[in-house]
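Computed from a predicted model, the values in this text were never measured in an experiment.
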Amino acid sequence: LNASDISSSEQFESAVRDYIYSVTSRQAKGGRGQQHRVTRLCAKDPSTLVHMAYLRRLFPRAKFIYMVRDVRAAVYSYMRYQAPYELLNRLFMTDVYLREWNALNREVKSACDAVGPATCLLVRYETLVLQFNRTMQRICRHLDLPWTDDFFRHEQFVEENDDGRVRVAATEWSTAQIRRALYSDSLSAWRDHIAYEPAKLDTLAGMYKELGYNLTATTYDYLSRLLD
């Protein structure tokens, strides 16, 4: 489709819709022409969440999962896995990523609220880990998916190669974590590496309160510290 072929916004959006569908479905089939039966297309890309309203217009039946996480753990995880060299300059880079986390989540939270709970479900990473059954049932209801005990052993269905399992990219930084069985050590891994000042969290990353976190407690029991 050439630019000269697009004479209206509807045609443009139709072209965008077709392109997104083509790319996503090709990834689901392995990118090499395999013809697995795919009933739902999924994309694990947090950056798309800021475009929820537009994507819902293109795909009216689309559903979104807005996964949030304790800002301290989120910043440490990013620095550890995506920019490990920046751990050497923690004092400065921590402030940078706190601001970025705050700005991104403010935008995504606004987008999630705008499309409404029928389209966007906010899920806390901590409750997914600590109350897996209950949280997964919420997610299944949101996505209109049947429950299966296979959720408890998801790592058995993840593979980089295309053999009928869930395909994940070998170069994606979180693939190693996805392929692990459910684990909880990530909830407090940041504690031994980065010291966060409460006042700085309030100033640079105050969105954590709107996302339902209470970071002022002295313990690290997430279930008792969540506001709801």
Side-chain angles (χ1 to χ4, degrees), residues 1-3 5-69 74 77-78 81-82 100 104-105 107-125 128 135-148 150-151 153-180:
L1 183 66
N2 297 320
D5 297 325
I6 301 176
S7 58
S8 69
S9 60
E10 284 125 6
Q11 286 179 308
F12 177 76
E13 290 195 349
S14 177
V16 174
R17 183 188 305 111
D18 290 345
Y19 174 74
I20 293 174
Y21 181 83
S22 174
V23 171
T24 309
S25 60
R26 183 175 176 81
Q27 289 175 334
K29 294 175 182 177
R32 296 182 297 277
Q34 288 86 342
Q35 296 299 316
H36 299 311
R37 182 175 179 270
V38 177
T39 57
R40 301 191 185 216
L41 297 175
C42 306
K44 177 183 172 290
D45 186 352
S47 63
T48 63
L49 292 177
V50 298
H51 307 293
M52 275 187 271
Y54 182 65
L55 288 170
R56 186 181 64 167
R57 190 161 77 242
L58 296 180
F59 303 97
R61 293 187 297 169
K63 297 289 186 74
F64 300 90
I65 303 295
Y66 173 26
M67 183 74 70
V68 298
R69 189 177 182 184
S77 178
Y78 181 88
Y81 291 104
Q82 288 199 285
E100 290 187 1
L104 175 62
N105 279 278
E107 189 172 4
V108 175
K109 178 66 163 55
S110 176
C112 186
D113 291 342
V115 298
T119 298
C120 176
L121 177 68
L122 187 151
V123 177
R124 296 188 186 89
Y125 173 79
L128 178 64
T135 306
M136 277 304 303
Q137 289 187 26
R138 283 183 61 224
I139 293 174
C140 285
R141 287 194 297 270
H142 177 68
L143 299 177
D144 296 321
L145 288 174
W147 174 264
T148 170
D150 287 342
F151 291 137
R153 48 183 180 273
H154 73 276
E155 71 283 357
Q156 299 177 17
F157 302 92
V158 176
E159 186 54 65
E160 293 174 8
N161 299 317
D162 189 66
D163 62 354
R165 299 184 182 186
V166 177
R167 294 185 69 253
V168 293
T171 56
E172 163 63 33
W173 69 278
S174 63
T175 290
Q177 297 167 296
I178 296 172
R179 297 182 69 180
R180 289 181 60 182

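Ala62 and Thr119 make their closest contact through O-CG2, 3.6 Å (heavy atoms, listed as atom of the first residue, atom of the second, distance). Contact record, Trp147 with Met136: CZ3-CB, 3.5 Å, taken as the closest heavy-atom pair. The two residues Leu55 and Thr48 come nearest to each other via the heavy atoms CD1-O, 3.8 Å. Smallest separation of non-hydrogen atoms from Pro146 and Cys140: O-SG, 4.3 Å. In terms of heavy atoms, His51 sits closest to Ser47 at CD2-O, 3.8 Å.
Note that CG of Leu143 and CD1 of Ile65 are 4.5 Å apart. Values are rounded to the nearest 0.5 Å. Here the CG-CZ distance, from Leu122 to Arg138, works out to 8.0 Å after rounding to the nearest 0.5 Å.
Counting only distance, with no hydrogens or angles, the side chain of Arg56 and the backbone of Val115 share a donor-acceptor pair below 3.5 Å. The backbone N or O of Tyr21 lies less than 3.5 Å from no partner atom in the side chain of Thr24, so there is not a single donor-acceptor pair. At least one donor-acceptor pair closer than 3.5 Å links the side chain of His142 to the backbone N or O of Phe64. The backbone N or O of Glu13 lies less than 3.5 Å from no partner atom in the side chain of Arg57, so there is not a single donor-acceptor pair.
When side chains are defined from C-beta on, Arg40 counts as touching Asp144, because their heavy atoms get closer than 4.5 Å. Inter-residue side-chain proximity for Leu145 and Ile139 is flagged as unmet; no heavy-atom pair is nearer than 4.5 Å.
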> Passes side-chain contact (heavy atoms from CB on, under 4.5 Å), Thr135 versus Arg124? Steps please.
Replying inline: CA-CA 9 Å; Thr135 306; Arg124 296 188 186 89; over 6 Å; no
> Stepwise, does the salt bridge (Lys or Arg N to Asp or Glu O under 4.0 Å) test hold for Asp150 with Arg153?
Replying inline: CA-CA 5 Å; Asp150 287 342; Arg153 48 183 180 273; 2.8 Å; yes
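Partners of Arg17 under the side chain to side chain donor-acceptor pair (under 3.5 Å) rule, at least two apart in sequence or in another chain, do not exist in this structure. The side chain to side chain donor-acceptor pair (under 3.5 Å) search around Gln137 returns Asn133, not counting sequence neighbours.
Within 6.0 Å of OH in Tyr19 there are 12 or fewer heavy atoms belonging to other residues, nucleotides or ligands.
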